[in-house]
Amino acid sequence: MIIKSMSGVIAASILALASVTATAQVAAVPSDTVERVVHICNVCHGLGGKDGMEGTPNLAGQPAAYFAQQLRYFRTQKRADANATGDMWSISVLLDEPMVEGLADYYEAQTPVPGKAGNAALMEQGKRIYHQGIPASNVMACSACHGENGEGGTVFPRLAGQHAEYTVAQLKEFLTKLRPHGSVMSEREAKHLTKDEMRAVAAYLQAK
Ligand code: HEC
Ligand code: HEC
């Protein structure tokens with residue numbers, strides 16, 4: 001509930017910033033203006049997007065193209081799970097395209113921090129799934145798209161260092177119509193993963 005009331009304050013702050021910069025609207029937003037908006041993102045996503053609060057993804061090191069696309073999905077209400085509608089819908093409508101791109105470049109340049117290691121056996125199982133997939137159930141190796149180290153690139157999100165519970169939640173979202181996923185991508189993989197396998201791969205990625 002604190003978060004919900006925070007959203008109102010945050011919306012007001014972004015609007016105030018927007019009115020300051022409206023007259024100076026040019027192709028690219030100056031980096032100090034981007035950094036002032038980042039103070040607002042920090043409230044939930046942690047300083048520099050490095051340690052988001054529970055349910056909130058880390059953003060540091062996220063490839064700019066993927067990042068910007070997600071803000072557009074929120075803004076057009078295409079990404080529509082309960083967590084998104086609560087916070088990111090109201091925030092994203094206040095961000096115009098130059099600001100979206102400024103924020104995407106800012107976060108791509110932040111150095112991500114690995115999260116906590118979990119159960120060793122679970123992480124080992126996750127490591128196998130991530131790098132080899134599960135041929136018997138038609139699950140491709142995640143590394144084929146998300147990179148050898150989970151670093152992502154262009155439209156493929158970084159998964160390394162992400163909160164495990166957020167990763168599991170998104171894999172489940174891909175099974176619904178609440179989150180777009182380009183063409184096939186992770187939807188097919190998610191369909192063939194059991195809940196335990198999702199938890200395993202998420203635990204492996206969190207500590208990377
Ligand atoms: C009140 C809390 C809150 C604030 C403030 C906030 N966010 Fe978010 N953000 C969230 C939550 C929660 C999610 C996860 C939504 C979901 O699960 O679909 C999210 C998701 C995202 C994502 C998707 C990341 C991914 O890996 O797909 C991006 C990008 C993002 N936020 C950017 C921003 C930016 C930029 C700002 C500042 C302008 C911001 N957020 C401010 C709560 C917040
Ligand atoms: C064929 C390429 C491909 C493969 C293989 C793949 N993914 Fe993805 N994945 C994507 C793309 C593209 C997206 C971004 C979709 C979007 O734009 O919203 C994505 C998104 C995700 C997300 C959401 C990240 C976030 O920050 O919200 C998670 C979690 C994920 N994939 C996990 C996995 C796991 C685990 C595997 C292996 C079992 C896997 N993916 C295999 C292409 C792939």
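Whatever order the structure lists them in is the order used to number ligands and atoms, beginning at 1. It should be emphasised that the depicted structure is a prediction, and the values quoted were computed from it without experimental measurement.
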Non-hydrogen side-chain atoms of [X] and [Y] separated by less than 4.5 Å:
X: Gln162; Y: Leu205; answer: no
X: Leu193; Y: Ile134; answer: yes
X: Asn138; Y: Lys191; answer: no

- Query: Taking only residues two or more places apart in sequence, or in another chain, which ones meet Arg79 in a side chain to side chain donor-acceptor pair (under 3.5 Å)?
  - Reply: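 Counting only residues at least two positions away or on another chain, Arg79 forms a side chain to side chain donor-acceptor pair (under 3.5 Å) with Gln70, Tyr166, Gln170.
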- Query: What orientation do Tyr107 and Phe67 show, parallel under 30°, tilted 30 to 60°, or perpendicular over 60°?
  - Reply: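 Parallel: the ring planes of Tyr107 and Phe67 meet at under 30°.
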Of the side chain and backbone of [X], name the one, both, or neither that has a heavy atom under 4.0 Å from an atom of ligand 1.
X: Cys41; value: both
X: Val38; value: neither
X: Asp87; value: side chain

- Message: Strictly distance-based, threshold 3.5 Å: is any side-chain N or O of Gln110 a donor or acceptor partner for the main-chain N or O of Tyr106?
- Response: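 Yes, Gln110 side chain to Tyr106 backbone: donor-acceptor pair under 3.5 Å.
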- Query: So, does Asp81 sit close enough to ligand 1 that a heavy atom of it is under 4.0 Å from the ligand?
  - Reply: yes
- Query: Which atoms of ligand 1 have any heavy atom of Asn83 under 4.0 Å away?
  - Reply: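 Result: 15 (C), 16 (C), 17 (O).
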- Item | Atoms in ligand 1 with a heavy atom of Leu71 nearer than 4.0 Å |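 In order of numbering, the contacting atoms are 32 (C).
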Do any N/O atoms on [X] end up under 3.5 angstrom from N/O atoms on ligand 2?
X: Tyr166; answer: yes
X: Gln170; answer: no
X: Tyr66; answer: yes

- Measure across Ala202 and Ala164 and return the closest heavy-atom pair with its distance rounded to 0.1 Å. CB-O, 3.6 Å
- Do you see an N/O/S atom of His45, backbone or side chain, under 2.8 Å from atom 8 (Fe) of ligand 1?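 It does; at least one qualifying atom falls short of 2.8 Å.
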- Query: atom 8 (Fe) of ligand 1 to Thr56: any N/O/S contact under 2.8 Å?
  - Reply: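 So Thr56 does not count as coordinating atom 8 (Fe) of ligand 1.
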Nearest candidate to [atom], where distance is taken over non-hydrogen atoms, out of [options]:
atom: atom 33 (C) of ligand 2; options: His163, Gln70, His146, His192; value: His146
atom: atom 22 (C) of ligand 2; options: Tyr204, Phe67, Phe174; value: Phe174
atom: atom 1 (C) of ligand 2; options: Pro180, Cys145, Ala190; value: Cys145
atom: atom 18 (O) of ligand 2; options: Gln69, Gln62, Arg179; value: Arg179

Check ligand 2 against [X] and write out every atom of the ligand that is under 4.0 Å from a heavy-atom position of the residue.
X: Leu171; value: 32 (C)
X: Thr167; value: 29 (C)
X: Val201; value: 35 (C)

Heavy atom of [X], distance to ligand 2 below 4.0 Å:
X: Ala141; value: yes
X: Glu197; value: no
X: Met198; value: no
X: Pro157; value: yes

- Message: Counting only nitrogen or oxygen atoms and a 3.5 angstrom limit, does Arg79 reach ligand 1?
- Response: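 Checking ligand 1 against Arg79, an N or O pair does fall under 3.5 Å apart.
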- Query: Taking NZ, NE, NH1 and NH2 as the nitrogens, is one of them in Arg199 or Glu165 under 4.0 Å from a carboxylate oxygen of the other?
  - Reply: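 Salt bridge: no.
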